[in-house]
*Asks:* 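I have a structure I would like to understand better, so I am pasting it below and will then ask my questions one at a time.
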Amino acid sequence: MKNDPLSHGLWEKTAPPAPQTVSLASEVRAAVAIVGGGFTGLSAALHLAEAGVDAVVIEAEEIGFGGSGRNVGLVNAGMWVMPDDLPAILGTDYGERLLKLLGDAPQAVFDLVKRHDMDCEAVHKGTLHCAVGASGLKQLEERARQWAARGAPVRLLDAPETARRVGTGAYSGALLDERAGTIQPLAYVRGLADAAVRAGARVFTGSRVERAERNGAGWRIVTRDGAVTADKVIVATNAYTTSPWPEVRAELVHLPYFNFATPPLPASARERILPGLEGAWDTKQILTSYRWDKAGRLVFGSVGALKGTGRTVHRKWAERAMTRLFPELKGVAFESAWYGQIGMTADHLPRFHRLSENVVGFSGYSGRGIGPGTVFGKTLAELASGTRTDAELPLPVTKPGARAFRPIYESVYRYGSEAAHLAGMLG
């Protein structure tokens with residue numbers, strides 16, 4: 001995209017094409033205008049169209065240009081925070097409602113994939129959260145206990161079983177979550193777009209919103225060459241928000257995350273490394289993630305931006321880290337590299353905002369965009385169509401609040417990850 005191989009890397013090389021779209025070049029009318037063509041916006045468009053509601057999506061760049069087309073592709077359940085923390089932070093009603101919605105989110109994703117026959121390498125084999133040392137294992141023991149108390153199909157694995165499932169003896173255990181899985185994220189978001197268009201939604205790309213104007217009880221969303229007049233507006237731009245709702249971006253700290261992909265590897269490697277095809281990541285603060293794609297490429301990632309000195313530091317760190325975990329891959333080069341931005345909130349929980357009258361949106365997925373984006377998009381569709389009320393939402397209505405010292409946090413994430421990876425290479 002934009003002739004930048006570092007934006008979407010492997011995913012752009014292997015995803016089926018997006019449905020044909022054009023830029024908005026006229027005045028159009030819709031019941032609901034959706035700003036943002038990622039998981040949330042396209043899920044909302046699909047569910048609105050299936051309910052017979054006229055929906056228009058306005059995307060500044062291309063379908064899946066933001067985090068939806070750049071991430072690792074782990075379809076996880078829940079959030080980063082411990083399950084019991086959600087009711088403690090949000091209150092019992094909202095906390096349990098959110099846990100239920102996000103716990104079931106991977107199944108919602110895989111059901112959509114099956115129902116619409118999406119070609120997106122969906123593998124519903126679970127994920128492995130791998131414990132680094134005694135402290136990592138203790139964290140996973142508590143997470144397993146809290147999810148198991150809610151009836152979730154999770155299981156704590158000991159070190160030997162973890163080694164068999166992952167292909168390395170580097171971990172003291174792992175949490176297997178059978179609800180989860182992996183997906184080709186850009187292919188999935190393009191699949192959502194295709195399903196939405198076939199259901200009757202209209203999708204315009206290359207159409208950056210310049211301003212939003214009141215139009216009676218509704219809104220007129222203006223781009224360079226056109227405008228959408230709608231009764232209601234869904235803002236689904238998350239970490240890539242610019243104008244006319246900069247307050248969404250102001251409360252999110254950008255956490256950069258990169259991925260490298262090997263060429264297709266021989267069957268012997270695939271039989272030993274993650275032979276069950278789970279996606280995996282570890283408990284380190286600057287974590288490492290890896291999973292297979294359909295062709296047998298190992299996708300290996302961590303925190304950091306592939307720009308400036310980070311481009312070299314993170315690549316060399318990834319080569320060494322991959323070899324430390326899987327010595328048989330020594331000498332294997334990476335054929336693709338890409339990175340994007342994760343929108344982090346202060347407490348790692350998402351937000352629901354009424355940005356103005358009849359303007360709503362979820363944001364702040366903190367690295368868990370696939371499942372939450374899909375089910376939050378459906379939730380927004382139900383809210384816009386009148387089949388769900390504020391009282392039935394999984395999150396309370398909150399006002400966006402600018403994150404104090406946001407530029408400092410973002411610099412720490414970018415340069416701190418470079419320093420950590422450089423130290424890892426030297427250690």
*Asks:* Gln146 and side chain to side chain donor-acceptor pair (under 3.5 Å): which partner among Arg150, Arg143, Glu142?
*Replies:* Glu142
*Asks:* So does Glu62 pair up with Lys2, basic N to acidic O under 4.0 Å?
*Replies:* no
*Asks:* Less than 4.0 angstrom from a charged side-chain N to a carboxylate O is my criterion; do Arg388 and Glu382 meet it?
*Replies:*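 The answer is yes: the pair qualifies as a salt bridge.
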*Asks:* Closest heavy-atom contact between Gly41 and Val57?
*Replies:*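 Scanning both residues, the minimum pair turns out to be O-CG2, 4.3 Å.
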*Asks:* Determine yes or no for a side-chain-to-main-chain donor-acceptor pair under 3.5 angstrom, with His47 supplying the side chain and Gly377 the backbone.
*Replies:*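 The answer is no, because no donor-acceptor pair under 3.5 Å joins these two groups.
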*Asks:* Classify the angle between the aromatic ring planes of Trp281 and His129 as parallel (below 30°), tilted (30 to 60°) or perpendicular (above 60°).
*Replies:*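 If you compare the ring of Trp281 with that of His129, the planes turn out parallel.
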*Asks:* Only pairs at least two apart or in different chains count here, so list each salt bridge (charged side-chain N to carboxylate O under 4.0 Å, His left out) that has a residue in residues 333-346.
*Replies:*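 Listed by first then second residue: Arg297-Glu335.
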*Asks:* With sequence neighbours left out, write down each residue that passes salt bridge (Lys or Arg N to Asp or Glu O under 4.0 Å) with Glu161, or none if nothing qualifies.
*Replies:* Arg155, Arg165
*Asks:* Hey, is the main chain of Asn238 close enough, under 3.5 Å, to the side chain of Ser363 for a donor-acceptor pair?
*Replies:* no
*Asks:* Between atom CH2 of Trp292 and atom CG of Leu277, what is the distance when rounded to the nearest 0.5 Å?
*Replies:*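 The distance works out to 9.0 Å.
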*Asks:* Is the CZ atom of Arg224 crowded by more than 12 outside heavy atoms at less than 6.0 Å?
*Replies:*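 Not buried by this count: 12 neighbours or fewer within 6.0 Å.
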*Asks:* List the steps, then state whether side-chain contact (heavy atoms from CB on, under 4.5 Å) holds for Phe376 with Phe352.
*Replies:* CA-CA 9 Å; Phe376 284 150; Phe352 171 71; over 6 Å; no
*Asks:* Indicate yes or no: does Asp84 engage Arg145 in a salt bridge with an N to O separation below 4.0 Å.
*Replies:*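 Salt bridge: yes.
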*Asks:* Hey, is Arg115 close enough to Asp111 for a salt bridge, meaning N to O under 4.0 Å?
*Replies:* no
*Asks:* According to side chain to side chain donor-acceptor pair (under 3.5 Å), who are the partners of Trp245, at least two apart in sequence or on a separate chain?
*Replies:*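 Partners of Trp245 by the side chain to side chain donor-acceptor pair (under 3.5 Å) criterion come out as none, since no residue qualifies.
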*Asks:* Between CZ of Arg202 and CG of Leu24, what distance do you get to the nearest 0.5 Å?
*Replies:*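 Those atoms lie 9.5 Å apart.
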*Asks:* What closest approach, in Å, do Leu287 and Tyr257 show between heavy atoms, and which atom pair accounts for it?
*Replies:* CD1-OH, 2.9 Å
*Asks:* Nearest heavy-atom pair of Pro185 and Ser68: which atoms, and what distance?
*Replies:* CB-O, 3.4 Å
*Asks:* What distance do Leu156 atom CG and Leu137 atom CG have between them, rounded to the nearest 0.5 Å?
*Replies:*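 So the CG of Leu156 and the CG of Leu137 are separated by 6.0 Å.
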*Asks:* Taking OH in Tyr94 as the centre, count heavy atoms belonging to other residues, nucleotides or ligands within less than 6.0 Å. Is the count above 12?
*Replies:* yes
*Asks:* For the backbone of Ser268 and the side chain of Arg270, can you confirm whether one donor and one acceptor N or O come within less than 3.5 Å of each other?
*Replies:*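 A pair under 3.5 Å: no.
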*Asks:* Under 6.0 Å from the ring centre and within 45 degrees of the ring axis: does the NZ or CZ of Arg403 meet both conditions for the six-membered ring of Tyr409?
*Replies:* yes
*Asks:* For the pair Thr283 (side chain) and Val132 (backbone), establish whether a donor and an acceptor sit closer than 3.5 Å, ignoring hydrogens and angles.
*Replies:*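 Confirmed, Thr283 side chain pairs with Val132 backbone.
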*Asks:* Mind checking whether Tyr240 and Phe65 have parallel, tilted or perpendicular rings, split at 30° and 60°?
*Replies:* perpendicular
*Asks:* Please name the pair of heavy atoms, one in Leu298 and one in Met322, separated by the smallest distance, quoted to 0.1 Å.
*Replies:* CD2-SD, 4.0 Å
*Asks:* Would you say that Arg211 contacts Val209 through its side chain, given a criterion of any heavy-atom pair below 4.5 Å between the two side chains?
*Replies:*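 Of all side-chain heavy-atom pairs linking Val209 with Arg211, none is under 4.5 Å.
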*Asks:* Is there side-chain contact between Ile63 and Leu42, with at least one heavy-atom pair below 4.5 Å?
*Replies:* yes
*Asks:* So, Thr345 side chain and Leu349 main chain: donor-acceptor pair closer than 3.5 Å or not?
*Replies:*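 Yes, the answer is positive, given that a donor and an acceptor are paired below the 3.5 Å cut-off.
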*Asks:* Is Arg406 atom CZ crowded by more than 12 heavy atoms from other residues, nucleotides or ligands, each under 6.0 Å away?
*Replies:* yes
*Asks:* Evaluate the criterion side-chain contact (heavy atoms from CB on, under 4.5 Å) for residue pair Leu329 and Ile273; output intermediate values, then yes/no.
*Replies:* CA-CA 10 Å; Leu329 301 186; Ile273 300 168; 3.8 Å; yes
*Asks:* Are a donor atom and an acceptor atom from the side chains of Glu210 and Ser243 found within less than 3.5 Å of each other?
*Replies:*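 No, Ser243 and Glu210 have no side-chain donor paired with an acceptor closer than 3.5 Å.
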*Asks:* Sequence neighbours excluded, which residues qualify as side chain to side chain donor-acceptor pair (under 3.5 Å) partners of Thr21?
*Replies:* Thr205
*Asks:* Measuring centre to centre across the rings, with the benzene-like ring taken for any Trp, is Tyr365 within less than 6.0 Å of Phe39?
*Replies:* no
*Asks:* Any side-chain heavy atom of Lys399 sitting closer than 4.5 Å to one from Glu247?
*Replies:*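 No, their side chains stay 4.5 Å or more apart.
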*Asks:* Could you go step by step and tell me if Glu328 and Arg272 meet the salt bridge (Lys or Arg N to Asp or Glu O under 4.0 Å) rule?
*Replies:* CA-CA 10 Å; Glu328 64 267 44; Arg272 207 179 81 76; 2.7 Å; yes
*Asks:* Would a distance-only check, ignoring hydrogens and angles, find a side-chain to backbone donor-acceptor pair under 3.5 Å from Ser43 to Thr40?
*Replies:*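 No, the answer is negative, given that no donor and acceptor are paired below the 3.5 Å cut-off.
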*Asks:* Check whether Ser207 reaches the backbone of Ile58 with its side chain - one donor and one acceptor, N or O, closer than 3.5 Å.
*Replies:*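 No, because the side chain of Ser207 does not come within donor-acceptor range (under 3.5 Å) of the backbone of Ile58.
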*Asks:* Just how far is it from atom CD of Glu59 to atom OG1 of Thr223, taken to the nearest 0.5 Å?
*Replies:* 12.5 Å
*Asks:* Ignoring hydrogens and angles, tell me if any N or O in the side chain of Gln184 forms a donor-acceptor pair with the backbone of Leu186 under 3.5 Å.
*Replies:* yes
*Asks:* Given side-chain contact (heavy atoms from CB on, under 4.5 Å), test Val56 with Val32 step by step and report yes or no.
*Replies:* CA-CA 6 Å; Val56 167; Val32 182; over 6 Å; no
*Asks:* Over 60° means perpendicular and under 30° means parallel, so tell me whether Tyr171 and Tyr290 are parallel, tilted or perpendicular.
*Replies:* parallel
*Asks:* Are Lys13 and Asp293 ion-paired here, with the side-chain N under 4.0 Å from a carboxylate O?
*Replies:*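 The answer is no: the pair does not qualify as a salt bridge.
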*Asks:* Specify the closest pair of heavy atoms between Leu102 and Pro106, including all atoms of both residues, with the distance to one decimal.
*Replies:* O-CD, 3.6 Å
*Asks:* If I take atom CD from residue Glu121 and atom CZ from residue Arg291, how far apart are they, to the nearest 0.5 angstrom?
*Replies:* 7.0 Å
*Asks:* Determine yes or no for a side-chain-to-main-chain donor-acceptor pair under 3.5 angstrom, with Ser417 supplying the side chain and Arg414 the backbone.
*Replies:*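 Flag set: sc Ser417 to bb Arg414 pair under 3.5 Å.
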*Asks:* Can you tell me how far OH of Tyr188 sits from CH2 of Trp11, rounded to the nearest 0.5 angstrom?
*Replies:* 15.0 Å
*Asks:* Which label fits His421 and His314: parallel for a plane angle under 30°, tilted from 30 to 60°, or perpendicular past 60°?
*Replies:*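 Because their plane-to-plane angle is over 60°, the rings of His421 and His314 count as perpendicular.
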*Asks:* Could you report the tightest heavy-atom contact between Cys130 and Leu140, atom names first, then the distance?
*Replies:* C-CD1, 4.0 Å
*Asks:* How would you list, by chain and number, every residue that makes a side chain to side chain donor-acceptor pair (under 3.5 Å) with Arg179, sequence neighbours excluded?
*Replies:*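 Per chain and number, Arg179 pairs via side chain to side chain donor-acceptor pair (under 3.5 Å) with Asp177.
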*Asks:* Less than 4.0 Å between a side-chain N and a carboxylate O, is that true for Arg190 and Asp194?
*Replies:*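 Salt bridge flag = no for Arg190 with Asp194.
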*Asks:* Does a side-chain N-to-carboxylate-O contact under 4.0 Å join Arg208 and Glu61?
*Replies:* yes
*Asks:* How would you list, by chain and number, every residue that makes a side chain to side chain donor-acceptor pair (under 3.5 Å) with Ser366, sequence neighbours excluded?
*Replies:*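 Side chain to side chain donor-acceptor pair (under 3.5 Å) check on Ser366 returns nothing, list empty.
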*Asks:* With distance as the sole test, does Trp338 use its side chain to make a donor-acceptor pair with the main-chain N or O of Arg70 at under 3.5 Å?
*Replies:*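 Between the backbone of Arg70 and the side chain of Trp338 there is a qualifying donor-acceptor contact (under 3.5 Å).
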*Asks:* Let's go through Val248 and Leu355 carefully: what are the C-alpha distance in whole Å and the side-chain angles of both, what is the deciding distance for side-chain contact (heavy atoms from CB on, under 4.5 Å) to 0.1 Å, and is it a yes or a no?
*Replies:* CA-CA 9 Å; Val248 174; Leu355 298 165; 4.0 Å; yes
*Asks:* Strictly below 4.0 Å, N to O, side chains only: are Arg249 and Glu410 in salt-bridge contact?
*Replies:* yes
